Amino acid sequence: MIYFHLTNQDEEILYSDLPEIYYDKFQKCSVKNETFVFNGNKHRHGKMGNEHCSAYLLTNNKDVVERPRLFKEKLKVFLEFVPTIKNIESRIRTKTTTHTTRLLHNLRTLNAHNIQELFNLIPESELRQKKEDRKRFIEDKVKEQIPKMPSIILNLMKNNAAIKMEFSVFGKLYGTKEKVKNQKHNIRKALMNVLHLFFQDFTDRNIFVEIEECNVEISIDYEILQVALYQLFDNATKYAFENSNIKISFSAGGCTFDVKIDMLSLKIEDDELFKITQDGFCGRNAKKIKKNGKGIGLFVVKQVLALNNVKLNILTRIDNECTNIRGIEYEKNRFVILFPKNLVV
């Protein structure tokens with residue numbers, strides 16, 4: 001075996017796979033290259049450093065033990081690669097921090113939305129003034145605003161579903177890489193389970209969603225499917241044209257079973273089509289109407305579906321239907337989820 005131990009100028013460990021039984025050897029080593037016998041076996045070890053760190057190598061590999069020049073080269077190469085290793089570590093840490101920061105920001109935002117929904121129903125200032133019988137006060141407030149309750153409940157349900165989605169995305173893509181757990185699900189029912197969360201959003205914008213009948217069952221990780229559908233419908237509430245229809249249809253192709261979502265939505269420019277599923281990308285028209293978010297919706301859809309070997313295709317200008325409102329162009333776009341035939345039960 002060959003073991004490496006890397007420390008910085010403050011003797012903090014940057015990397016080590018050195019077993020504890022050799023720690024004493026490491027502490028006492030002060031040369032670049034020497035042999036010693038430990039537990040009846042011949043070993044070779046050595047230290048080498050620069051202005052940034054110190055590298056230590058220990059081995060009981062016979063080929064390396066008997067070739068001091070080879071040992072010295074390995075130690076030298078290890079030390080030369082330290083900047084690269086540190087750079088990779090820094091990039092990984094930055095990427096992890098970015099994902100964690102994004103998760104926390106999104107969760108705080110969703111939690112704030114939930115709190116605001118409740119305080120719209122029961123003003124916080126009034127609630128604080130009620131030192132006694134707060135339960136009766138809340139009951140009276142709810143009775144006064146019965147007409148608002150369906151919208152409030154739907155919004156709370158959608159926000160809570162979004163919170164669950166955030167944890168699912170983090171766990172599947174960035175966390176401990178949770179296992180994909182395929183189970184049988186009716187595809188239309190799965191669509192409806194997510195779609196109903198956006199009922200109020202589509203109603204407010206006078207968007208009618210038509211979904212074909214379908215009895216096909218798919219073997220898929222339900223969380224993955226929910227995350228993908230949630231992001232697609234969330235995008236639709238923002239970018240679909242008001243007073244329009246969204247049609248969801250199903251078809252079986254040669255090697256895939258396809259779910260097609262057709263909508264009159266913001267024009268996707270030709271040079272944006274291959275970028276639109278990249279992390280952080282926002283289209284020009286989305287920016288014009290100031291509805292550009294973090295640019296992660298379709299990126300997440302593509303990434304989570306790939307965990308189940310499912311693909312997302314985006315087709316633009318599928319017919320001649322187009323609309324221009326105050327300089328903002330809308331065209332008929334199609335978002336296709338392609339399930340491999342082996343996932344169809």
Side-chain angles (χ1 to χ4, degrees), residues 1-108 163 166-181 223-224 227 278-280 294-296 299-300 303-304 306-307:
M1 291 292 293
I2 299 176
Y3 303 108
F4 296 100
H5 187 83
L6 182 68
T7 57
N8 62 16
Q9 289 176 316
D10 298 322
E11 297 188 356
E12 296 173 330
I13 297 174
L14 301 177
Y15 170 82
S16 180
D17 60 2
L18 185 70
E20 286 187 23
I21 58 172
Y22 292 119
Y23 277 9
D24 184 58
K25 297 295 180 182
F26 162 72
Q27 295 290 344
K28 294 178 179 178
C29 181
S30 59
V31 296
K32 292 182 179 180
N33 199 336
E34 73 173 3
T35 59
F36 65 91
V37 176
F38 184 77
N39 287 344
N41 295 314
K42 190 175 181 181
H43 293 63
R44 185 178 291 277
H45 72 164
K47 278 182 182 178
M48 190 179 291
N50 56 30
E51 68 273 21
H52 302 296
C53 57
S54 173
Y56 173 76
L57 188 151
L58 181 148
T59 182
N60 58 6
N61 182 292
K62 289 183 179 180
D63 290 338
V64 182
V65 169
E66 300 300 333
R67 298 166 66 187
R69 184 175 294 179
L70 176 61
F71 176 89
K72 186 178 179 180
E73 283 299 315
K74 284 184 177 292
L75 182 55
K76 184 180 177 183
V77 168
F78 177 53
L79 188 63
E80 287 175 349
F81 266 96
V82 167
T84 302
I85 294 169
K86 291 177 72 174
N87 183 44
I88 292 171
E89 180 190 33
S90 176
R91 289 169 63 185
I92 292 172
R93 187 182 293 114
T94 299
K95 192 172 184 180
T96 302
T97 301
T98 300
H99 295 318
T100 305
T101 301
R102 180 185 288 169
L103 172 68
L104 292 174
H105 168 77
N106 291 347
L107 291 177
R108 288 192 189 103
I163 289 171
E166 291 292 340
F167 281 118
S168 296
V169 168
F170 193 86
K172 297 289 185 186
L173 296 181
Y174 314 123
T176 55
K177 300 291 184 181
E178 296 174 4
K179 237 182 174 182
V180 173
K181 300 174 183 177
E223 273 195 356
I224 286 175
V227 167
Q278 294 177 5
D279 191 5
K294 299 291 184 181
I296 61 172
F299 167 76
V300 166
Q303 294 295 312
V304 295
L307 296 175

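All residue numbers refer to positions in the sequence shown, counting from 1. Because the structure is predicted, anything quoted here is derived from the model rather than measured.
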Could you give the distance from [atom1] ([X]) to [atom2] ([Y]), rounded to the nearest 0.5 Å?
X     : Y     : atom1 : atom2 : result
Asn61 : Glu66 : CG    : CD    : 10.0 Å
Thr7  : Glu11 : OG1   : CD    : 6.5 Å
Asn41 : Lys62 : CG    : NZ    : 8.0 Å
Leu58 : Tyr3  : CG    : OH    : 8.0 Å

Apply the test side-chain contact (heavy atoms from CB on, under 4.5 Å) to residues Val64 and Ile2: give CA-CA distance (whole Å), side-chain angles for both, the deciding distance (0.1 Å), then the verdict. CA-CA 9 Å; Val64 182; Ile2 299 176; 4.1 Å; yes

Are any non-hydrogen side-chain atoms of [X] and [Y] less than 4.5 angstrom apart?
X      : Y      : answer
Thr59  : Phe71  : yes
Phe4   : Leu18  : no
His5   : Ile13  : yes
Cys53  : Leu79  : yes
Glu166 : Phe170 : no
Phe78  : Met48  : no

Considering all heavy atoms of both residues, which atom of Leu70 and which atom of Asp63 are nearest to each other, and what is their separation? CD2-O, 4.2 Å

Minimum-distance pair of heavy atoms, taken over all atoms of Ile224 and Leu307: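 So the two residues come closest at CD1-CB, 3.8 Å.
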
Is the cationic atom of Lys25 (NZ for Lys, CZ for Arg) positioned less than 6.0 Å from the six-membered ring centroid of Tyr56 and within 45 degrees of its normal?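 Judged by the rule (NZ or CZ under 6.0 Å from the ring centre, within 45° of its axis), Lys25 is not positioned above Tyr56.
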
With sequence neighbours excluded, residues passing side chain to side chain contact (heavy atoms under 4.5 Å, CB included) with Ile163: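 With neighbours one apart ignored, the set is Leu107, Leu110, Asn114, Asn160, Phe167.
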
Quick one: side chains of residues 27-38, donor-acceptor pairs under 3.5 Å with protein atoms, not counting sequence neighbours, listed by atom name and distance.
from  : atom 1 : to    : atom 2 : distance (Å)
Lys28 : NZ     : Asp24 : OD2    : 3.2
Asn33 : OD1    : Arg44 : NH1    : 2.6
Asn33 : ND2    : Pro68 : O      : 3.0
Glu34 : OE2    : His45 : NE2    : 2.9

Met1 backbone acceptor or donor facing Asn60 side chain under 3.5 Å: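 A pair under 3.5 Å: yes.
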
Mind checking what makes salt bridge (charged side-chain N to carboxylate O under 4.0 Å, His left out) contact with Asp17, not counting sequence neighbours? none

